[in-house]
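Below is one structure, written out as structure tokens; the observations come after it.
Bear in mind the structure is a predicted one, so any value in this text is a computation, not a measurement.
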Amino acid sequence: MAFPYMEAVVGFMIIVYVFETYLDLRQHAALKLPTLPKPLMGVISQEKFKKSRAYSLDKSHFHFVHEFVTILMDSAILYFGILPWFWKRSGDLLVHVGLNAENEILHTLAFLAGVMFWSQVTDLPFSLYSTFVIESRHGFNKQTIWLFFRDMIKGIVLAIVIGPPIVAAIIVIVQKGGPYLAIYLWAFMLVLSLVMMTLYPILIAPLFNKFTPLPDGELRVKIENLASSLKFPLKKLFVIDGSTRSNHSNAYMYGFFNNKRIVLYDTLIQQCKNDKEVVAVIAHELGHWKLNHTMYSFIAVQILTLLQFGGYTLVRNSKDLFQSFGFDTQPVLIGLILFQHTVIPLQHLVSFVLNLVSRAFEFQADAFAKKLGYGSALRAGLVKLQEENLSAMNTDPWYSAYHYSHPPLVERLAAIDEPDKKAD
């Protein structure tokens with residue numbers, strides 16, 4: 001008797017949904033608490049706490065609805081055989097327009113075009129509500145409806161331009177990979193990721209945001225001096241016009257070898273009280289570089305990718321797997337999709353472990369910034385960013401342990417303060 005892959009996958013999806021909903025309910029209860037956690041009393045203003053609480057509860061209510069609709073649609077698509085039906089209809093469409101449905105690359109691209117259209121249509125109401133109701137209600141959204149749809153259209157065009165060559169390459173590799181298929185797929189994805197990491201900030205990101213050099217002044221001098229003291233090969237320092245879309249703030253680095261760049265959101269500069277707080281945030285980011293966190297994360301991703309492709313090679317020819325989901329053929333892309341569904345339990349476990357590692361890295365980067373003399377400024381900067389972004393002040397420990405890649409503010413401030421308390 002064949003193993004019931006489809007029933008097992010749908011069953012586990014529902015189990016995960018129930019578990020995560022339980023965690024969401026715990027977090028929702030924490031968000032409803034009427035007072036700040038004790039360590040934040042006197043640190044966060046009562047006005048900001050009330051605004052943060054209202055914003056977090058709005059997002060939480062929205063999340064419950066979105067997740068419920070998502071699990072209904074995902075389960076129905078798998079259980080009622082909509083995937084194989086859609087695969088057959090995409091083949092019929094090719095025949096209707098005079099193309100060869102036996103050509104797997106063309107068939108796959110037609111299938112993906114339909115999937116992209118479906119996902120855009122079903123996700124659009126949620127995106128519009130999140131952006132123009134929740135984010136606008138709490139003073140974050142700065143987008144016009146025209147800018148929103150312009151960004152969406154740009155994303156679709158990019159997918160149409162970039163997607164087909166990548167899909168075609170993957171199909172050819174799988175068809176001709178032989179016993180070394182996993183290595184070939186991993187090598188291709190490695191090269192692709194390096195190319196995208198190089199091209200995205202140069203060619204793609206500027207399509208959505210304006211990057212301008214950070215003007216000469218004290219802030220630029222301080223950041224350049226900090227980078228120089230750490231021997232960070234800073235080549236360019238940009239400000240991004242994040243305020244055209246949102247009042248949320250951020251900063252990040254990118255680049256390979258001796259060609260590093262730092263990008264500051266204009267909202268970050270506006271929200272921090274002084275230059276030292278901005279520099280402290282950059283010191284934290286440079287701590288990730290100095291402590292090789294980026295390299296470790298990259299290596300971990302490559303190992304997981306190779307293992308994942310290794311697992312795929314073991315099941316890609318399993319007729320039982322395809323037939324369980326209603327397919328009478330074994331297309332490459334469908335095999336990858338089905339494999340992803342069958343390893344959902346492992347993916348959740350890996351995600352949990354990676355979050356643990358990420359939180360440890362955040363503590364280390366905070367400690368690094370403090371050793372450079374930015375402890376007080378980093379503390380003030382983190383508080384200011386928490387306030388301005390209206391981030392959740394009360395967090396459930398189970399929820400944060402499962403979902404958060406960054407420690408809650410209370411834990412980060414305690415870690416920054418701890419050495420000083422011991423010294424006292």
## Note on the structure
In this structure, CE of M196 is separated from CG of L203 (nearest 0.5 Å) by 9.0 Å
### Query
Does the separation of the ring centres of F327 and F325 fall below 6.0 angstrom?
no
### Summary
Taken in chain and number order and not counting sequence neighbours, the residues that satisfy side-chain hydrogen bond (donor to acceptor under 3.5 Å, both in side chains) with D396 are R26
### Summary
Taken to the nearest 0.5 Å, the spacing of R316 CZ from L336 CG works out to 10.0 Å
### Message
For Y312, give me all partners under ring-ring contact (aromatic ring centres under 6.0 Å, His included), at least two apart in sequence or on another chain.
### Response
none
### Task
For T131 and N141, test the side chains for any donor-to-acceptor distance below 3.5 angstrom and give the result as yes or no.
no
### Message
Whether the side chain of K370 engages the backbone of I416 through a donor-acceptor N/O pair (distance < 3.5 Å, no angle test) should be reported.
### Response
yes
#### Entry: Distance (rounded to the nearest 0.5 Å) between H406 NE2 and D366 CG
9.0 Å
### Task
For residues M393 and V410, determine if any side-chain heavy atom of one lies less than 4.5 Å from a side-chain heavy atom of the other.
no
### Task
Determine whether I204 and I162 make a side-chain contact, defined as any pair of heavy atoms from C-beta on separated by less than 4.5 Å.
yes
### Message
Going by the rule side chain to side chain contact (heavy atoms under 4.5 Å, CB included), which residues pair with S351 if we only count those two or more places apart in sequence or in a different chain?
### Response
N355
### Message
Could you tell me if the side chain of L385 sits less than 4.5 Å from the side chain of V281, heavy atoms only?
### Response
yes
### Task
Report yes if the side chains of L190 and F298 come closer than 4.5 Å at any heavy-atom pair, otherwise no.
yes
### Message
If you define the side chain from C-beta out and look only at heavy atoms, does anything of R245 sit under 4.5 Å from D151?
### Response
yes
### Query
Taking the six-membered ring for Trp, are W87 and F111 ring centroids under 6.0 Å apart?
yes
### Task
Identify the heavy atoms of N247 and G139 that sit nearest to each other, and give their distance.
ND2-O, 2.8 Å
### Summary
In terms of heavy-atom contacts, I44 and F49 come closest through CG2-N, 4.2 Å
### Query
Is K260 reaching over with its side chain to a backbone N or O of G255, donor-acceptor style, under 3.5 angstrom?
yes
### Task
Run the numbers on Q347 and Q340 for side chain to side chain donor-acceptor pair (under 3.5 Å), then give the verdict.
CA-CA 9 Å; Q347 288 177 338; Q340 289 294 324; 2.5 Å; yes
### Task
Taking ring-ring contact (aromatic ring centres under 6.0 Å, His included) as the test, write out the residues that go with F19, two or more places apart.
Y402
### Task
Tell me, with the steps shown, if L413 and L40 meet side chain to side chain contact (heavy atoms under 4.5 Å, CB included).
CA-CA 9 Å; L413 295 185; L40 297 183; 3.8 Å; yes
### Message
According to ring-ring contact (aromatic ring centres under 6.0 Å, His included), who are the partners of F140, at least two apart in sequence or on a separate chain?
### Response
Y55, H248
### Message
Just so I know, are the side chains of S358 and Y404 near enough to count as touching, which here means a heavy-atom distance under 4.5 Å?
### Response
no
### Task
Could you give me the CA-CA distance, side-chain angles and deciding distance for S391 and L409, then say whether side chain to side chain contact (heavy atoms under 4.5 Å, CB included) is met?
CA-CA 9 Å; S391 301; L409 178 64; over 6 Å; no
### Query
Just by distance, with hydrogens left out, do E277 and Q271 show a side-chain donor and acceptor under 3.5 Å apart?
no
### Query
Hey, is the main chain of P408 close enough, under 3.5 Å, to the side chain of Q386 for a donor-acceptor pair?
no
### Message
Quick test of your reading: applying ring pair (Phe, Tyr, Trp, His ring centres under 6.0 Å), list the pairs with at least one residue in residues 335-393, sequence neighbours left out, ordered by first then second residue.
### Response
H293-F361
Enumerate, atom names and distances included, each donor-acceptor pair closer than 3.5 Å involving a side-chain atom of residues 64-82, sequence neighbours excluded.
| from | atom 1 | to | atom 2 | distance (Å) |
| --- | --- | --- | --- | --- |
| T70 | OG1 | H66 | O | 2.7 |
| S75 | OG | I71 | O | 2.8 |

### Query
Checking ring pair (Phe, Tyr, Trp, His ring centres under 6.0 Å) against W289, which of F232, Y252, Y254 comes through?
F232
Show every donor-acceptor pair shorter than 3.5 Å between a side-chain atom in residues 215-224 and any protein atom, with sequence neighbours excluded, or say none if there are none.
| from | atom 1 | to | atom 2 | distance (Å) |
| --- | --- | --- | --- | --- |
| R220 | NE | E224 | OE2 | 3.0 |
| R220 | NH1 | L214 | O | 2.6 |

### Task
Provide the full list of side chain to side chain donor-acceptor pair (under 3.5 Å) pairs with a residue in residues 35-50, sequence neighbours left out, each pair given once.
E47-K51
### Query
Under the ring-ring contact (aromatic ring centres under 6.0 Å, His included) test, which residues partner Y17, sequence neighbours left out?
none
### Query
Does the side chain to side chain contact (heavy atoms under 4.5 Å, CB included) test come out yes or no for D123 and S127, once each step is laid out?
CA-CA 6 Å; D123 193 55; S127 296; 3.0 Å; yes
### Message
What verdict does the side chain to side chain contact (heavy atoms under 4.5 Å, CB included) test give for L147 and T144, after you've listed the backbone C-alpha separation in whole Å, the side-chain angles of each residue and the deciding distance to 0.1 Å?
### Response
CA-CA 5 Å; L147 183 57; T144 61; 3.5 Å; yes
### Message
Checking R379 now: which residues fulfil side-chain hydrogen bond (donor to acceptor under 3.5 Å, both in side chains) with it, not counting sequence neighbours?
### Response
D417
### Query
Do T342 and L321 touch side chain to side chain, with heavy atoms closer than 4.5 Å?
yes
#### Entry: Check: H28 ring centre within less than 6.0 Å of H63 ring centre
no
### Task
Mind listing the closest non-hydrogen atom pair of A365 and L291 along with its distance?
N-CD1, 4.3 Å
### Task
Apply side chain to side chain donor-acceptor pair (under 3.5 Å) to the pair E362 and H284, showing each step before the final yes or no.
CA-CA 8 Å; E362 292 302 316; H284 168 92; 2.8 Å; yes
## Note on the structure
All heavy atoms of L31 vs all of S60, minimum pair found to be CD1-CB, 4.0 Å
### Nearest heavy atoms of F3 and S324, plus distance in Å
O-OG, 4.2 Å
### Query
Looking only at heavy atoms, which two atoms of P164 and A159 are closest? And how far apart?
CD-O, 3.6 Å
### Query
What side chain to side chain donor-acceptor pair (under 3.5 Å) pairs are there with at least one residue in residues 193-212, not counting sequence neighbours?
N209-D241
### Task
With the side chain counted from C-beta on, respond yes when R53 and N394 share a heavy-atom pair under 4.5 Å apart, and no when they do not.
no
